[in-house]
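A short worksheet on the structure shown next.
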2 protein chains.
Amino acid sequence: MNVRQKKLIEKLHKLERLSIEEEAVIFKVAPMTIRRDIQLFEKQGIAIRTHGGAVPRISEPAQLFIQPDASAAQKKIARKALELIPDDCNLMLSAGTTTLEVARQLAASDLRICVITNSLPVAAVLFQTKIQVILTGGSLRNNSLDLIGPVTEKNLDEYYIDLLITGCDGASAEEGFFTKDLNLAEMEKKSVKKSSRTIIVTESHKFRKPAFVKFASMTEVSTVITDKKLSGEDASKITKSGIELVLV
Amino acid sequence: MNVRQKKLIEKLHKLERLSIEEEAVIFKVAPMTIRRDIQLFEKQGIAIRTHGGAVPRISEPAQLFIQPDASAAQKKIARKALELIPDDCNLMLSAGTTTLEVARQLAASDLRICVITNSLPVAAVLFQTKIQVILTGGSLRNNSLDLIGPVTEKNLDEYYIDLLITGCDGASAEEGFFTKDLNLAEMEKKSVKKSSRTIIVTESHKFRKPAFVKFASMTEVSTVITDKKLSGEDASKITKSGIELVLV
DNA sequence: TTATTAATGTTAATTTGTAACATTAATTAT
DNA sequence: ATAATTAATGTTACAAATTAACATTAATAA
């Protein structure tokens with residue numbers, strides 16, 4: 001491994017793309033030499049060759065943090081949620097795809113707040129932004145990148161929470177909000193009780209499938225943000241119980 | 001966005017590579033069509049074009065979890081550390097590049113243990129393995145992916161720890177082990193005191209630069225694993241104070 | 001139905017990649 | 001130190017992939 005190759009690898013580690021033509025000029029060697037370097041890096045699993053260059057190859061643990069992009073509806077819901085977050089507050093963001101989208105938009109916003117979360121993807125998105133991130137401790141679930149268990153709940157006692165933003169696996173205009181996991185429900189229950197205000201962010205189709213365990217009744221939440229496809233019947237039920245309903 | 005394009009994106013989301021030739025056959029279209037699809041995906045930031053195809057583009061939060069590969073010495077040290085981990089124990093793995101390498105090797109091992117850590121990369125590496133992962137809560141540091149602070153320390157009280165494996169920023173055969181960060185030192189002190197045994201894993205060059213804050217004196221640790229470049233003088237000092245020294 | 005637009009296919013020219021061999025630089029043995 | 005050997009780099013001709021321009025087909029609107 002020579003100096004040129006080390007410098008090229010350094011660039012890859014900095015997540016830079018390599019252009020064969022450019023690097024050949026920089027190092028004053030034939031393009032073929034850079035090409036051979038890049039072939040070596042690909043064999044070593046460091047790079048992926050592109051047409052005319054190479055890009056860094058991301059290692060496996062990092063790939064676990066890839067979360068699918070949010071739907072258009074989720075993006076709109078998240079944008080609306082952001083408007084309801086006061087500056088300089090303690091926000092609890094629980095795990096979920098819609099809440100992750102809230103985190104993404106928070107990362108790009110000017111809000112200076114403190115976010116408490118049990119979701120590793122949320123923490124990852126907010127890492128190295130203006131936002132202070134606090135992770136609840138606890139057991140890492142084997143199927144999703146979030147923390148649950150008695151210690152997670154105990155951790156919540158350490159903080160004052162102004163606002164909770166959470167999603168749900170299922171919902172009902174009469175009953176309230178549901179999740180599929182019993183342990184997760186316990187954690188959500190505690191969060192709802194602890195925080196001064198609760199905003200539910202969820203796509204409207206969740207209202208057509210109540211899930212396993214209830215973690216909050218409708219009257220326990222302050223605001224529900226969902227999309228316009230919500231049935232008129234459900235909408236009126238929610239508003240009648242005095243809950244703020246925002247349709248996007 | 002048509003059906004073909006949706007299916008191609010699905011593949012990318014599953015982290016699969018696309019081959020223009022293959023996909024052209026699968027969807028019974030001209031290679032040019034697939035090429036155009038892939039051009040679109042690149043514009044959207046979903047894919048990176050390679051020579052003859054495309055690979056999924058990893059999103060930014062995931063990229064934060066990329067940690068440089070361990071050195072040859074670190075790999076050897078980690079391998080030795082693994083031999084000293086009993087099956088069915090509670091292991092505390094603190095944050096650091098050498099401990100991360102221990103985690104990588106643990107992930108590939110047959111050990112069935114529970115790992116408590118304050119490092120997000122360690123948690124990521126051990127995610128979805130046989131190993132149960134517990135994260136301490138606390139504040140996410142802005143420069144490194146680990147958790148520190150009073151709540152982190154309080155979290156440690158919740159667990160019994162058989163063995164602590166940790167690295168250091170600096171070391172001295174007389175004084176003991178050091179770290180650069182005051183808050184981190186507090187956390188490390190507590191870990192050392194809590195755990196029945198402590199193994200230090202560190203490259204020998206750390207013995208030539210004592211760092212800022214001491215978190216453990218030499219007699220508080222059980223074993224030191226380092227490379228053979230350790231000076232004979234340091235080696236004899238360590239063994240004379242009754243500490244097990246393993247040179248790899 | 002026809003006009004218009006969008007999507008896909010086809011082709012030739014360009015660029016990039018490969019493989020084989022030539023040349024130079026670096027090691028090793030003598 | 002010099003020759004022999006090996007490794008690294010350069011050069012060339014050829015193969016493959018990409019691009020760009022235009023032709024064709026399918027889809028949509030007038």
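Below, chains carry the letters A, B, ... as their sequence lines are ordered, and counting in each starts from 1. Because the structure is predicted, anything quoted here is derived from the model rather than measured.
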Whether A:F177 and A:F207 hold their rings parallel, tilted or perpendicular, with breakpoints at 30° and 60°: perpendicular
Nucleic acid contacts - residues 2-9 of chain B versus DNA chain C, non-hydrogen atoms under 4.0 Å: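 Within residues 2-9 of chain B, the residues near DNA chain C are B:N2, B:R4.
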Nearest-angstrom distance from the residue atom [atom1] of [X] to [atom2] of [N]:
X	N	atom1	atom2	answer
A:L40	D:dT9	CG	P	11 Å
A:L18	C:dG17	CG	P	12 Å
A:I38	D:dT9	CD1	P	14 Å
A:H51	D:dA17	NE2	C1'	6 Å
A:I20	C:dT18	CD1	C1'	12 Å
A:M32	D:dT11	CE	C1'	11 Å
B:E42	D:dT19	CD	P	9 Å

message: Main chain of B:R112, side chain of B:D87: is a donor-acceptor contact present, judged purely on distance under 3.5 Å?
response: yes
- request: Examine distances only and state if a side-chain atom of B:S172 and a backbone atom of B:E174 form a donor-acceptor pair shorter than 3.5 Å.
  value: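 Present.
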task: Spell out yes or no: do the side chain of B:R35 and the base of C:dG9 have one donor N/O and one acceptor N/O closer than 3.5 Å?
output: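 For B:R35, whose side chain was compared with the base of C:dG9, there is no donor-acceptor pair (under 3.5 Å).
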Polar side-chain contact A:R36-C:dG17 base: donor and acceptor under 3.5 Å: no
task: For the pair B:R79 and B:E83, find out whether any cationic side-chain nitrogen is under 4.0 Å from an anionic carboxylate oxygen.
output: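 Looking at B:R79 and B:E83, the cut-off is not met.
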- prompt: Any ion pair linking B:E10 and B:K7 (charged N to carboxylate O, less than 4.0 Å)?
  reply: no
OP1 or OP2 of [N] under 4.0 Å from side-chain N/O of [X]:
X	N	result
A:T33	D:dA8	no
A:R49	C:dT18	yes
B:Q39	D:dT18	no

- request: Could you walk me through whether B:T179 and B:E188 pass side chain to side chain donor-acceptor pair (under 3.5 Å), step by step?
  value: CA-CA 9 Å; B:T179 168; B:E188 294 278 18; over 6 Å; no
query: Using a cut-off of 4.0 Å on non-hydrogen atoms, how would the nucleic acid contact of A:T50 be classed: base, sugar-phosphate, or nothing?
result: sugar-phosphate
